[in-house]
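One structure is given below, encoded as structure tokens.
Throughout, residue positions are numbered sequentially from 1 according to the sequence presented. Being a predicted model, the structure only gives us computed values, none of them experimental. First listed ligand is number 1; within each ligand, the first listed atom is number 1. FYI, side chains are in, hydrogens and waters are out, and symmetry mates aren't considered; it's all heavy atoms of this structure.
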Amino acid sequence: MRFLFVGFGTVGQGLAELLLEKKTTLEKEFGLVYKIVGILDKELGNVFSPDGLDLQEALEAVQTQKSLADLAGEHLAGEAAEIISQVEADVLIEVTYTDIKTGQPATSHIRQALEKGMHVVTTNKGPVALYYEELTELARAQQVQFLFEGTVMSGTPVLSLFRETLAGCEVQEIKGILNGTTNYILTRMEEGLSYEDALKKAQEFGYAEAVPDADVLGWDALAKVTILAKVVFGSRAKPFDFPCEGITGITSSAVVDALSRGKRYKLIGRVWRERNLIKAEVAPEEIDISHPLGSVMGATNALTILTDTLGEITIVGPGAGRRETGFSLLSDLIRIARQQK
Ligand code: HSE
């Protein structure tokens with residue numbers, strides 16, 4: 001399969017490292033033989049080669065602050081969507097930054113690739129939260145895959161869990177911690193760090209969104225809740241149709257006071273069915289520390305799923321990070337490779 005990267009920041013590089021590390025396993029176990037025909041990044045430049053690029057060399061270049069334009073290959077000019085239309089590839093790996101309000105420029109990249117008959121894998125929440133219906137319909141019409149496992153809980157398998165193993169179970173409510181940055185901040189505040197210092201640390205670790213407001217105001221969790229509402233409950237709502245409150249109003253003393261009462265503040269995203277309506281919200285909540293969500297600390301995410309058949313299931317795992325989010329793309333790519341066999 002010929003892969004085209006659009007975006008080559010933390011997540012793209014995380015996937016590239018996994019592709020190199022697991023090359024032999026991918027070939028042997030899944031028949032996934034790949035070559036990278038292009039990498040396109042607004043900041044880092046671009047490089048293309050129909051015969052396949054040296055991915056290790058590309059990684060070393062960006063990690064030593066060199067431009068991709070310095071590497072051997074073609075260097076195309078113009079807007080990314082236009083370039084996508086010119087490059088021959090089988091899969092677009094869309095890992096540019098998330099814009100939750102407009103979904104751009106990622107949505108244009110994805111539309112262009114799907115219209116061209118390419119599969120698309122992405123961790124970009126904007127296009128899915130805003131244009132899921134249109135993009136899945138376009139993929140269906142083009143008989144290609146549009147996969148976005150990493151948009152919710154990064155590499156922790158959530159969307160595939162609903163799609164595959166929970167199929168046949170009626171999901172009544174989903175409730176959980178969907179944003180690593182805010183959970184990390186709340187954890188560190190409990191240990192005595194100030195809000196500002198904790199946020200700075202989360203940014204250093206690479207958990208935070210390009211615009212930190214998107215985390216602390218709850219927008220990132222809102223995008224994920226909206227994706228769950230669409231994929232699991234068939235909602236057609238847009239993110240800002242649902243109520244959303246972040247963690248900016250929570251003080252260190254409120255965190256310490258909650259703990260003294262056996263509770264912890266968590267930013268909770270929730271989706272549920274109420275008669276014929278699909279409801280969702282994001283808001284801070286005091287959670288009992290004995291509840292599975294009450295002991296989820298740091299950048300870890302967790303979802304408690306209430307079902308008609310199995311009662312409650314809680315899945316806990318990484319919700320952000322270079323390698324963790326890179327892995328979600330790898331699992332989407334393996335899914336495509338398996339279906340091509
Ligand atoms: N900023 C997000 C978080 C990244 O902190 O959870 C993963 O979507």
Side-chain angles (χ1 to χ4, degrees), residues 7 9-15 93-101 103 106 121-130 132 147-159 174-189 193 195-231 239 244-248 250 265-270 282-284 293 296-303 315-332:
T10 311
V11 174
Q13 292 173 40
L15 171 64
I93 298 167
E94 213 298 339
V95 279
T96 61
Y97 65 93
T98 287
D99 184 324
I100 291 165
K101 291 204 161 158
V121 300
T122 188
T123 52
N124 202 312
K125 290 151 274 189
V128 188
L130 290 161
Y132 167 78
L147 299 175
F148 43 86
E149 178 61 56
T151 54
V152 182
M153 282 180 76
S154 73
T156 306
V158 171
L159 298 179
I174 306 173
K175 157 183 173 170
I177 298 164
L178 290 167
N179 180 266
T181 302
T182 46
N183 206 53
Y184 177 84
I185 293 174
L186 293 171
T187 300
R188 297 305 305 264
M189 280 167 75
L193 213 68
Y195 170 87
E196 289 77 16
D197 287 345
L199 173 58
K200 227 178 275 165
K201 284 258 175 245
Q203 286 167 328
E204 280 166 26
F205 284 124
Y207 305 143
E209 293 299 297
V211 184
D213 279 6
D215 292 296
V216 296
L217 297 178
W219 300 350
D220 174 73
L222 181 66
K224 293 163 178 167
V225 153
T226 309
I227 294 170
L228 289 169
K230 288 178 183 298
V231 174
C244 176
E245 187 190 332
I247 62 157
T248 47
I250 299 179
Y265 272 105
K266 296 289 175 195
L267 184 65
I268 297 293
R270 188 194 299 269
V282 172
L293 298 179
V296 174
M297 306 301 279
T300 303
N301 281 192
L303 268 189
I315 180 160
V316 182
R322 176 189 187 93
R323 199 173 161 83
E324 295 83 347
T325 314
F327 175 74
S328 70
L329 295 159
L330 187 69
S331 80
D332 285 342

Going by distance only, is there an N or O of Asn301 that falls short of 3.5 Å from an N or O of ligand 1?
-> no
Note: heavy atom closest to atom 8 (O) of ligand 1, options Gln203, Lys125, Glu324, belongs to Lys125
Nearest neighbour of atom 7 (C) of ligand 1 from the list Gly319, Ser154, Gly180, on a heavy-atom basis =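 Answer by nearest heavy atom: Gly319.
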Full working for salt bridge (Lys or Arg N to Asp or Glu O under 4.0 Å) between Asp197 and Lys201 = CA-CA 6 Å; Asp197 287 345; Lys201 284 258 175 245; over 6 Å; no
Taking the side chain from Asn179 and the backbone from Leu267, do they hold a donor-acceptor pair closer than 3.5 Å?
-> no
Counting only heavy atoms, which portion of Thr181 has something under 4.0 Å from ligand 1: side chain, backbone, both, or neither?
-> both
Using heavy atoms and a threshold below 4.0 Å, how should the contact between Asp215 and ligand 1 be classified: side chain, backbone, both, or neither?
-> side chain
State the atoms of ligand 1, each with its element, that fall below the 4.0 Å cut-off from a heavy-atom position in Tyr207.
->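 Within the 4.0 Å cut-off of Tyr207, ligand 1 contributes 1 (N), 2 (C), 3 (C), 4 (C), 5 (O).
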List in chain and number order the residues that pass salt bridge (charged side-chain N to carboxylate O under 4.0 Å, His left out) with Glu209, two or more places apart in sequence or in another chain; answer none if no residue qualifies.
->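 Glu209 satisfies salt bridge (charged side-chain N to carboxylate O under 4.0 Å, His left out) with Lys125 only.
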Pairwise distance CD1(Ile185) to CD(Glu196) - rounded to 0.5 angstrom | 9.5 Å
Sole residue of Ile177, Leu293, Asp215, Ile247 in side-chain contact (heavy atoms from CB on, under 4.5 Å) with Asn183 |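 Of the listed options, the one satisfying the test is Ile177.
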